[in-house]
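Throughout, a chain's letter reflects where its sequence line sits, starting with A, and its residues are numbered from 1. Atom set for the values below is all heavy atoms of this structure, side chains included, hydrogens, waters and symmetry mates excluded. In this text, all values refer to a predicted model and were calculated from it rather than measured experimentally.
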Amino acid sequence: MISIELLRNNPEILEQGLKNRGEESSIQKILKYDDTRRKNIVENDELKRQRNEVSKSIGARRSKGEFVNESELKLMKEVGTKIADLDNEIKDIEFNMHELLSRVPNIPESDVPIGKDENDNPVIRQHGEKPKFSFDLESHWDIGERLDIIDLPRGAKLSGSRFYTLKGLGSKLERALIAWMLDYHTNKHNYTEVSVPYLVRQEIIYGSGNLPKFGDNLYHDTEDDLWLIPTAEVPITGLHKDEILELSELPKYYVAHTPCFRREQAAAGRDTRGIKRVHQFNKVEMYKIVDPETSDHELDTLLSNAEDICEELGLTYRIVQLCTGDISFVSAKSFDIEIWAAGCEEWLEVSTCSNCTDFQARRTSLRYRPDINSKPQFVHTLNGSGLAIPRVMIAILENYQQSDGSIVIPEILRPYTGFDRIGPSKL
RNA sequence: GGAGGGAUGGCAGAGUGGACGAAUGCGCUGGUCUUGAAAACCAGUAUACCGGCAACGGUAUCGUGGGUUCGAAUCCCACUCCCUCCGCCA
């Protein structure tokens, strides 16, 4: 949620931010609602003040046994009706205002490059070179089938297209990746591991910014009105909803493994082969709740925490900054990490590290007290994958394939997998 | 699913129609005392919205929404959530 003060005092900043994002602006409409809302409140508060005063005096006189005449009561009844009318009017205005306000995205930071879409995202740096091979490479779906570790047809049999099953060492590899990443972030980067529900209430998923605008991409259980999480970011954002944290409690670093559920309606027809884009996948997510003063720096370290994972796995990756037209709804500044997949020859997005500033904190009412005597203020929240598991598996399978058809497991994972190779298997 | 109990400030907990934003205790902040600390004592200590340059003033908030009333934490209705027990189940 955008700050209403900013909207009143500096609408031009918002207008510019929306323009840079390529979004239509509802700012003028919101300002109009805000104006009439305030006028109504002034009028209504005065009526309420009157009513309180007179009611008090009636009570005082009655308790002394004094006479209270009917016309006075009748007059106050009329005031009561007027108040009720105004209350309703204000409620309507607030509803309409909130409808618009909840769909206004975060404002990009001033140093975010201006651009239209992902084609305008600058590559900031690249780590490692694309590996060279002396034999023909297989795609991960071919490798997965040949080694009998990824079963796409049976995934489809169970749940439809874009679902998959893992088997044998493939399944073990996934489990090893999850366990290793969680251990790595908790031990090396000081994150606290949390296990959270995968189904959340509407207000929680509103708080993280996925509703009302992106309901299309979510699975919804209508019977109990619960939503399947598209990322652990959603329940972690809700973890401290409605709380006022002490400055000494900040920063809070959380890491969680959850499955992520996405309908992927908007991507119909794209990336249909393999496990690159699926309806359910595992992900290890990092999350930070921080003092606003520090969020710029916290974004840098968040990114570097995610990069460490790529580096330890020996994967070639690059950092791409998202331009104003491509950053997500809730984000003020984001970097993608893309790893190179040698088999299908493409860069795979495995993490987006974002500073959401106070946007989610406002939606979810997550505040802190800068010091003991000051008013609560909104914290800043940041999130980033560390990392998305299927795409890491794609990269491992494709980049670590050997001429004999086997897959070598990166050194760092071996204590977790208990094996150093999948295969060999005849080609 | 069945039965019962509950929801009040940071926490505990009183309050059954009128001066209640709410007793009291704890916690926290400041002060007095002390070489220092503790104890004791004194004072302060919710949030949001609206008006105002500000000081400050007003309004709302006792789980949520509606109703009764001149007036609701308190009465009525509906809902939600939490707890206990029973049943079922991992």
Side-chain angles (χ1 to χ4, degrees), chain A residues 1-10 30-98 100-102 195-207 220-227 235 238-250 252 259 289 358 361-379:
Chain A
M1 188 79 75
I2 231 65
S3 144
I4 189 76
E5 291 81 36
L6 181 72
L7 194 139
R8 281 176 196 156
N9 303 331
N10 302 89
I30 296 172
L31 282 172
K32 218 168 169 180
Y33 279 129
D34 185 50
D35 195 50
T36 44
R37 171 177 176 270
R38 288 200 277 177
K39 280 181 183 145
N40 282 332
I41 285 176
V42 170
E43 191 183 339
N44 205 22
D45 279 2
E46 173 56 22
L47 289 172
K48 285 177 177 174
R49 191 197 59 74
Q50 270 178 34
R51 180 174 68 179
N52 289 342
E53 194 179 289
V54 175
S55 291
K56 258 185 191 179
S57 116
I58 290 172
R61 278 177 283 158
R62 282 233 170 116
S63 65
K64 280 191 260 169
E66 284 175 23
F67 174 73
V68 177
N69 71 36
E70 282 302 314
S71 66
E72 193 174 5
L73 294 185
K74 207 177 147 201
L75 192 71
M76 288 324 288
K77 196 175 181 123
E78 278 164 25
V79 171
T81 314
K82 230 175 184 172
I83 289 172
D85 288 348
L86 274 171
D87 272 343
N88 284 332
E89 215 169 299
I90 291 166
K91 212 183 278 175
D92 281 353
I93 293 168
E94 285 180 346
F95 177 85
N96 291 330
M97 210 171 134
H98 188 260
L100 294 175
L101 215 44
S102 62
S195 292
V196 290
Y198 307 154
L199 285 159
V200 296
R201 299 174 195 281
Q202 180 170 322
E203 72 224 50
I204 299 301
I205 204 151
Y206 167 83
H220 180 206
D221 165 42
T222 50
E223 205 157 14
D224 293 317
D225 196 21
L226 289 170
W227 299 74
L239 224 45
H240 294 284
K241 180 175 163 58
D242 295 327
E243 291 182 27
I244 300 170
L245 305 170
E246 297 303 326
L247 185 60
S248 60
E249 296 178 76
L250 301 180
K252 280 184 183 293
I289 300 171
D358 61 1
R362 279 177 196 283
R363 288 183 158 242
T364 208
S365 186
L366 172 43
R367 294 173 292 174
Y368 78 112
R369 217 179 278 281
D371 69 83
I372 196 83
N373 290 316
S374 57
K375 289 233 154 218
Q377 287 179 25
F378 292 106
V379 297

Phosphate OP1/OP2 of [N]: any [X] side-chain N/O under 4.0 Å:
X	N	result
A:Arg369	B:rU45	no
A:Arg51	B:rG71	yes
A:Asn52	B:rU59	yes
A:Lys91	B:rG66	yes
A:Lys56	B:rG18	no

Does [N] have a Watson-Crick or wobble partner in any strand here, with both distances under 3.5 angstrom, and which is it?
N	answer
B:rC41	B:rG31
B:rA54	none
B:rC70	B:rG18
B:rC88	none
B:rA48	B:rU59
B:rC26	B:rG10

Residue [X], side-chain atoms from C-beta onward, closest of [options]:
X	options	result
A:Asp45	B:rG18, B:rG58, B:rU47	B:rG58
A:Lys48	B:rA48, B:rC70, B:rU59	B:rU59
A:Ile41	B:rA48, B:rA19, B:rC50	B:rC50

Backbone N/O of [Y] and side chain of [X]: donor-acceptor pair under 3.5 Å:
X	Y	answer
A:Asn69	A:Glu72	yes
A:Ser57	A:Glu53	no
A:Asn44	A:Asn40	no

Worksheet item: Does atom CD of A:Glu66 have more than 12 heavy-atom neighbours, drawn from other residues, nucleotides or ligands, at distances under 6.0 Å?
Response: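 Correct, the count exceeds 12.
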
Which is true for [X] with a 4.0 Å heavy-atom rule: it touches a base, it touches only sugar-phosphate, or it touches nothing?
X	result
A:Asn44	nothing
A:Arg62	base
A:Lys375	sugar-phosphate
A:Arg61	nothing
A:Val54	nothing
A:Arg8	sugar-phosphate

Worksheet item: When you compare B:rA22 with B:rC86, how far apart are their P atoms, in angstrom units rounded to a whole number?
Response: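 My reading of the P atoms in B:rA22 and B:rC86 gives 44 Å.
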
Discussion item. Between B:rC89 and B:rC76, how many Å separate the two C1' atoms, rounded to a whole number?
Written reply: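 B:rC89 and B:rC76 have their C1' atoms separated by 39 Å.
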
Item to complete: Assign each of A:Asp34 and A:Gly80 to its nearest nucleotide of RNA chain B by heavy atoms, then name whichever residue's nucleotide is nearer the 5' end.
Response: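 By nearest-heavy-atom nucleotide position, the 5'-most residue is A:Asp34.
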
Fill in: Residues forming a side chain to side chain contact (heavy atoms under 4.5 Å, CB included) with A:Lys241, sequence neighbours excluded
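So A:Lys241 forms a side chain to side chain contact (heavy atoms under 4.5 Å, CB included) with A:Glu203, A:Ile204, A:Thr364.
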
